[in-house]
Amino acid sequence: MGDIRNIVVLTGAGISAESGVPTFRGPDGLWEGHRVEDVATPEAYRRDPDLVLDFYDQRRAKLASVEPNPAHVALGRLDAEWKGKLLIVTQNVDDLHERGGAERLLHMHGELKSAWCLSCGERHPFDGKMAGYPACAVCGVSGHVRPDIVWFGEMPYRMEEIDVAIATCDLFVSVGTSGAVYPAAGFVQSARYAGAETLELNLDPSEGSIFFNESRMGRAGDLVPEWVDAVLGG
Ligand code: APR
Ligand code: ZN
């Protein structure tokens, strides 16, 4: 680890699985009980806003009963102690990284606890239910507050920052993501192109597993603390 200065960590639903937040794909995944196109597209929101708002209201409410696990806490410690550059890019919309102490963190697919008002265009912190069509905290207009979530067909947030971080990193680590959704699934190849080492920590090999220099298979709650100990100790 001697010459590692700049680290990018990409996380997905697998890092929150041990906290009790369901992943998307797989037998108990969220997409098993729902059709993606019914709840996670702008078209679904236009067609049946109540269904979509309720889906995210339930997921937001669930955050009150889950806690960060050792993987989130280890990344919080990495953030506090790592003297080089670090960017944690999460595809997750839960708030478990923040609660695990991470600060150099970016939510590329949005956040459950953020609202986006389509009337004034502003985003604001939100905890509660959108299905009752609350007034926007910024402009006061009711009926146009949507989840601040990047749906299928929408552009992920802060891609320029992510691209710069990946192009200048020495180590790219992917945790708990299936590698099924682009652009995040392509980050490993960009990191390789930039000359970075690449490491995957996942329960099963992801779809892009072959692109990593090294893959360790296991639970995030075991693998992430082990890896962070090694990076901070080395
Ligand atoms: N530890 C580590 N990895 C785990 C664990 C665990 N305890 N449990 C599950 N995993 C792995 C699975 O093997 C799988 O590869 O986490 C991955 C979860 O994959 P997905 O459910 O596809 O989640 P993710 O990759 O984050 O999905 C990407 O898809 O639906 C969209 O916008 C949504 O951000 C999401 C994106
Ligand atoms: Zn507004």
Side-chain angles (χ1 to χ4, degrees), residues 9-41 44 55-56 59 66 68-72 74-75 89-94 96-97 106-112 114-126 130 133-157 173-188 199-209 212 215-227:
V9 181
L10 172 70
T11 71
I15 199 169
S16 295
E18 289 156 66
S19 294
V21 180
T23 61
F24 294 97
R25 295 164 186 83
D28 299 320
L30 269 179
W31 296 153
E32 287 300 299
H34 296 87
R35 284 159 25 109
V36 172
E37 54 271 37
D38 287 342
V39 289
T41 62
F55 175 77
Y56 289 99
R59 297 181 57 206
V66 299
N69 67 55
H72 300 104
L75 290 181
V89 178
T90 189
Q91 300 168 86
N92 298 344
V93 295
D94 65 48
L96 294 176
H97 278 305
L106 171 165
H107 282 271
M108 67 178 290
H109 290 168
E111 296 170 65
L112 283 168
S114 175
W116 178 17
C117 173
L118 297 178
S119 183
C120 69
E122 296 295 323
R123 293 174 166 84
H124 59 85
F126 183 88
M130 290 187 185
Y133 296 93
C136 166
V138 180
C139 71
V141 173
S142 300
H144 300 283
V145 172
R146 63 161 268 187
D148 191 7
I149 301 283
V150 176
W151 286 324
F152 287 93
E154 296 185 316
M155 187 68 81
Y157 296 150
V173 183
S174 172
V175 183
T177 179
S178 61
V181 174
Y182 282 82
F187 291 172
V188 58
L199 169 66
E200 168 174 61
L201 307 176
N202 211 44
L203 198 58
D204 316 293
S206 67
E207 291 184 23
S209 208
F212 288 85
S215 293
R216 298 181 196 159
M217 299 296 115
R219 288 154 52 100
D222 300 324
L223 295 180
V224 177
E226 275 168 28
W227 170 70

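Whatever order the structure lists ligands and atoms in, that order sets their numbers, starting from 1. Note: hydrogens, waters and symmetry copies are ignored here, and every other heavy atom, side chains too, is used. Along the sequence shown, the residues carry numbers beginning at 1. Being a predicted model, the structure only gives us computed values, none of them experimental.
Within 4.0 Å of ligand 1, protein heavy atoms come from G12, A13, G14, A17, E18, T23, F24, R25, W31, Q91, H109, F152, G176, T177, S178, V181, N202, L203, D204, G218, R219, A220.
Taking 4.5 Å as the limit, some side-chain heavy atom of C136 sits within range of a side-chain heavy atom of H124. The shortest side-chain heavy-atom distance between L30 and F55 falls under the 4.5 Å cut-off. Side-chain contact between S206 and S174: absent, with no pair of heavy atoms (C-beta onward) separated by less than 4.5 Å. Residues L106 and Y157 are not in side-chain contact: their nearest non-hydrogen atoms beyond the backbone lie 4.5 Å or more apart. Residues M217 and L203 fail the side-chain proximity criterion, which asks for heavy atoms closer than 4.5 Å. Between P147 and M130 the shortest side-chain heavy-atom distance falls below 4.5 Å.
The side-chain contact (heavy atoms from CB on, under 4.5 Å) test with I15 is passed by exactly one of V9, L75, T90: L75.
A donor atom on one side chain and an acceptor atom on the other are found under 3.5 Å apart for S16 and H72.
Using the six-membered ring where Trp is involved, W151 and Y56 have ring planes that are tilted, between 30° and 60° apart.
Listed by chain and number, C117 SG, C120 SG, C136 SG, C139 SG are the protein N/O/S atoms closer than 2.8 Å to the Zn ion (ligand 2), with waters left out.
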